[in-house]
Amino acid sequence: ECIRLNKEANNIQRMAGKLGAIQAKLDSAYRTQAMSNQIKQTLPALNSALATLNKSGVASNMSNFEKVMEDLDVQTEGMTGALDGVMGTT
């Protein structure tokens with residue numbers, strides 16, 4: 001009985017690790033989708049600024065675009081670290 005319960009506990013811990021990895025992947029997908037929407041909103045402003053060649057408008061929009069891309073890099077690094085941590089514990 002004790003051995004069976006111990007094996008069951010180990011199986012539950014493995015399943016918890018796998019569910020944690022799935023959660024991390026879903027979180028990553030959600031954040032990627034949010035970033036994609038931000039990029040999608042930024043690109044028309046960049047295109048209109050480029051069409052008018054308003055240098056101040058282009059610079060402003062480029063800084064917004066760079067900020068979005070930096071945020072994406074930070075989130076990607078965080079999710080990669082979290083996935084590596086979860087995969088290493090299973």
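Computed from a predicted model, the values in this text were never measured in an experiment. Atom set for the values below is all heavy atoms of this structure, side chains included, hydrogens, waters and symmetry mates excluded.
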- Task: Measure the spacing between CG of Asn11 and CG of Asn6 and express it to the nearest 0.5 Å.
- Result: 10.0 Å

- Going from CD1 on Ile12 to CG on Leu19, what distance comes out if it is rounded to the nearest 0.5 angstrom? 11.5 Å

- Message: Regarding Glu70 and Lys67, does a basic nitrogen lie under 4.0 Å from an acidic carboxylate oxygen?
- Response: no

- Query: Under 4.5 Å between any side-chain heavy atoms of Met69 and Leu72, yes or no?
  - Reply: yes

- Excluding sequence neighbours, so at least two apart, what forms salt bridge (Lys or Arg N to Asp or Glu O under 4.0 Å) with Glu77? none

- Message: Any heavy-atom pair between the side chains of Glu1 and Arg4 that's under 4.5 Å?
- Response: yes

- Message: For Gln75, give me all partners under side chain to side chain contact (heavy atoms under 4.5 Å, CB included), at least two apart in sequence or on another chain.
- Response: Arg31, Met35

- Query: More than 12 foreign heavy atoms under 6.0 Å from CD1 of Ile3: is that the case here?
  - Reply: no

- For the pair Thr32 (side chain) and Ser28 (backbone), establish whether a donor and an acceptor sit closer than 3.5 Å, ignoring hydrogens and angles. yes

